[in-house]
Structures are given as C-alpha cells and as structure tokens.
Amino acid sequence: MRTFLLIFAFFILVLASLLIGVKQIDWANFNSIIESGSLVFKVSRFPRTIALILAGVGLSVSGLIMQQISLNKFVSPTTAGTLDAAKLGILVGLIFFPGTSNFTQMSFAFLFTILASLVFMQMLKHIKQRSLIYIPLLGIMFGNVLAAIGTFFGYRFDIIQNMETWLIGDFSKVLQGNYELIYISLPAVILTYLYANKLTALGLGEETAKSLGLKYNTLVFIGLISISLTVSAVMITAGAIPFLGLIVPNIISLFYGDNLKKSLPYTALLGATLLLFCDIVSRLLIYPFEIPIGLTISIIGGIIFLVLIRKRIRYA
Amino acid sequence: MITVKDLHKKYGDHPVLNGLNIEFPKGKVISLIGGNGAGKSTLLSVISKLIDQDKGQITLSKEDITNISHKDFAKRLSFLRQSNFTHIRLKVHELVAFGRFPYNRGKKMSKEDKQKVEEAITFMELDNIANSYLDELSGGQRQRAYLAMILAQDTENILLDEPLNNLDMKYSVQIMKTLKKFARKQGKTVILIVHDINIASQYSDYIAALKDGVVQHFGTTDEIIKPRILKDIFDIDFEVILNRGCKFCLYYN
C-alpha cells in the first residue's frame, strides 16, 4: 500500500511537472499542442523533468551510500563537505579555464569531490568518538572551510555573482542542450544497485565486513567514485541541492530498513518524488515567477531533518 | 591448527605484542585470559588478518595466512569482535544471512546457504525475533544475532572477542555449551577471550594467560587454574575450590 502510494505520487508529480509552466498549452486546440506544445516539451519541460528525476535519485542514493560507508545516519553530501567541494571544483575550473565546456568544469568538480571525500574518510578513521551528531558537525565545518576558500578566490577573481548561480540549486535554467551531463549519474546509480549487498555489508563496520571476506577499501572507493560523479553532475546541471541525500535515506530506513537490495529502489523513488514536489512548489508559489528549488528544499528538508534528529536520538 | 611465532605489534610507540608464541590445538575450546591491555584483542585481530603484525608469522594448517586471500580466509576463519553495534537497521535474519557472504559473495543464496541460516537462527533461539530490526533489540538479543551470523559462516576456526558481553547467565552458559559442542562434534577450533575466570575454568579445554604482550602460561585448564599462576597474571590473590570435580576461583577480597 505504501509502495503503491509512492509510485502513484511519483507519476502524478511527473505529469504535473510536464504540464505546469509559464507557457500555457491550449489543450483544446490540437494544432497549438503540436506546434507550441511540442517545442516547449522538447526544449524545456521534458529536460527539466528528467533532470529533476535523475538529480533526486542520484542525490538520495549518494546520501545512502555515504551513510553506509561512514556508519553514520547523518552523513550526506550536505553534511560531509561534498557539495562545497564540488562548488570549489567548479570555481577552480572557472578561474583557470574560463569559457570551457560544462564537461571540463564537471571534471574539476568530480576531482575535488573525490579528494574531499577521501580526506573526510581519513578524518573519520582518526576519530574515536563515533557519536551520531559529532561526525556530521565535523563534516559541516569541513564544508564551511572549503566554502570559505571558494568565497575568498571568488572575491579575488571577481566572480562572486557568477558563483551565486550554482550556490543555490535551480532547475529553471535546465534546457535541451545544457542538461545532458546529468545522465552521468545514471551509471553511478546502477553500479550502486549491482553492489547493493556488498554496500549493505559495509554498514556492519570495517572489521566485520573484512572478516566476511569483503574487499573493504576497493568497495569504499567504488562508493566514493559513484557519489562524486553524481554530486558533480547534479551540481553542474542544477546547482547545490541540500538535504535530499540526508532526509530521504533516513525516512526510507525507518520504514524499510538498511538492506540496500530492498531499500535502494524506494530511496531512489522517494528522492525523485520529493524533488519533483519541491520543484513544483517552487514554480507555483509566486507564479508566473519561480523560487530557486534550493530555497524550497532547504525549508522543507530542514524541517524534516529536525523531526528525524529527534526520532533517531530517541532510539539510537 | 593455528600457530603463532614471535609476534610483534606496536601502536605508535606503545608495544602491545612482544614476541608472542603459541600453538592452538585443533578441535578444542581455548580461552584467552589476562588483564586489560595484555594484548588479547590485538592477538585475535592479527590472527584474523584485520591488522598487520610488525614482525612474526602466523600459520593456519601450516599455510602462512598472508598468502591466503581474504576471500578464502573468510571460509576458514570467522571472527566476532567485541562491540559490533552500528546504527544499521537490518532484520535479524538479514544479518545472519551475511554469514553466508563468503560463499555466495552477495549473490543469490543457495539451498545450503538458506539451510545454514535457518539452523543458526533456530540454534540461537532467534526464531520469534528473526523479523525484528537489530536496533530495536536488547543488547543480549543483538549479541545472539551476531553469534548466529558467525555460526552461519560455518568455519573451521572461530575467534570470539568477549562473546559473553551483554549476555545474561542463561545465554552465557548456553553459548559456552554450544561452543564446546562445536569443538567436540565438528572438530572446530574455538578461541575466545573471556573475563569471567569461572566460565573459562568450566568450559575450556585449554587456557592461555597473556601478560605484557606474551603468553605467560599456556596449558590445559587444570594446569592453569592454580592460585600461583592466576596471581601472577592478575596480581590479586585467588583461592581455588574444588567442588564436584570442578574448579572454582574466589577472588572477591
């Protein structure tokens, strides 16, 4: 029943995402649908909806993997400096290779996220205190340091304003021809599904995983690569989308547990559904204008996060 | 048979194992005793290939363990470490199923896999909580779930770091009896760290007493449970009482 509702909500929101927009499509006039409609669909609505689905799926699954690797429910791209590292990467790309393709910038984002993830994992190894709140706090500080470095250079090179565009996630600029990089997150997600059982075993802790004969380090590295690819691809297409990788896996974990073979599809589905919902809210609140989705999801996500913290701490 | 030769391990500048030698006989229950920081846990971790030694050699049936891949090693030796609890939300039967991971590598469970999981769950009396999430169980129930996972792994050598943690007397006794049965009936070698000296005295075939990173005394239980030896290891006075053919240690004063 729960599953059915989720799938139903997903399809309704996909449909809504395709239909809602400034350009009204006259459904009564068949010719106008063909002429104006198909163009709007092809260039804007369809790419936007696809980008939303892939970003939602990718970010939630990334969050789930990070939580498995770090053994901490509150570690996610938002709370481990991953988003900030991707931003810094794009910034470095902009400064040293201005005017290059999105792909070059994404490569920089990827490079920086994978480095930041490795540094963060290394930090975790040296921390004895494995408290639920302490580690994400450390990650947020780490992210702030990266962000500060970014702001400093952005200021020096006079591209602060440019930075703002990807500081806050926004899908309104997603158009045919500039969003296709987000498809890179798809193989990363499929990879995670193929490794689902092994990634679940990571959640048992390094020693237990190793004594079950798992190649722990290789597996962690595969996980980090998949996370970094996804986060960079989403960052370059839509900008920073906070909280999604944090709240979605936690909600799913409460209902379906942490056996990834089982919970991964739900995590992906809820991620896409929630992001679609936030985007539609963003499009409708001050219609015909839009609020950046980064703001909507920060508010909605922030509230859900607070509720989850209370719940988790009660029985953790 | 596990043989340890001249094992050294330092954490930073702090030596934990100082040229430790021991030969664990096959098919027996062997208890490791000793004070805190004697090197018991480190010894088990090194034997389990979880940490590398600085010097020394460990062989498993005359094969150097560094030459055995982790994949094959997991079918021959299982290790349950001291505190296992993570925040993972798995059901008991899902956790126990991971014991079969070395055999199916996370792919589909074979008939044998399913049967072993089933047996382990029944054996640990977990049937009625097999569908509960680990994080909703008591410490003792969780410990039994982890032990069931080790059982399902079905290895010739079983290493346990304080398996009786969190268990009440009923389950402590039950688990020790189980381990003994494994050794007797299936010829498994069970090496465990125990803090309760009377449990060690009651259920082990051999006892190895560690101090300062070496095996100070090693012998049959009868040879080790003696006031002189125990005092040497723990630095407190012991009285050993013989009752119905069993040795009991008194040390509460």
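Numbered from 1 within each chain, the chains take letters A, B, ... in sequence-line order.
Of the atoms belonging to R100(B), not a single heavy atom falls under 4.5 Å from chain A. At a 4.5 Å heavy-atom cutoff, K75(B) makes no contact with chain A through either its backbone or its side chain. With a 4.5 angstrom heavy-atom cutoff, Y256(A) touches chain B only via backbone atoms. Contacts between K261(A) and chain B at a heavy-atom distance below 4.5 Å are absent for every atom of the residue. Residue E206(A): no heavy atom, backbone or side chain, is found under 4.5 Å from chain B. Residue contact with chain A, scored on non-hydrogen atoms closer than 4.5 Å, is absent for I51(B). Interface remark: F73(B) contributes no atoms to any contact with chain A (heavy atom separation under 4.5 Å).
By the 6.0 Å contact criterion, OH on Y133(B) is enclosed, its count of non-hydrogen atoms from other residues, nucleotides or ligands being greater than 12. Environment of OH in Y195(A): sparse, with no more than 12 heavy atoms of neighbouring residues, nucleotides or ligands closer than 6.0 Å. Around OH of Y11(B), the count of heavy atoms belonging to other residues, nucleotides or ligands within 6.0 Å exceeds 12.
Contact tally against chain B (heavy-atom pairs below 4.5 Å) for Q67(A), K198(A), Q68(A): the top residue is K198(A).
Taking CG of D135(B) as the start and CG of D258(A) as the end, the distance is 8.0 Å to the nearest 0.5 Å. With rounding to the nearest 0.5 angstrom, the NZ atom of K210(A) is 10.5 Å from the NZ atom of K49(B). Rounding to the nearest 0.5 Å gives a distance of 6.0 Å between OG1 of T208(A) and OH of Y146(B).
Residues E94(B) and T200(A) have side chains not in contact (no heavy-atom distance under 4.5 Å, counting atoms from C-beta outward).
Smallest separation of non-hydrogen atoms from S211(A) and A74(B): O-CB, 3.6 Å. Nearest approach of F101(B) to L214(A), heavy atoms of both residues: CE2-CD1, 3.0 Å.
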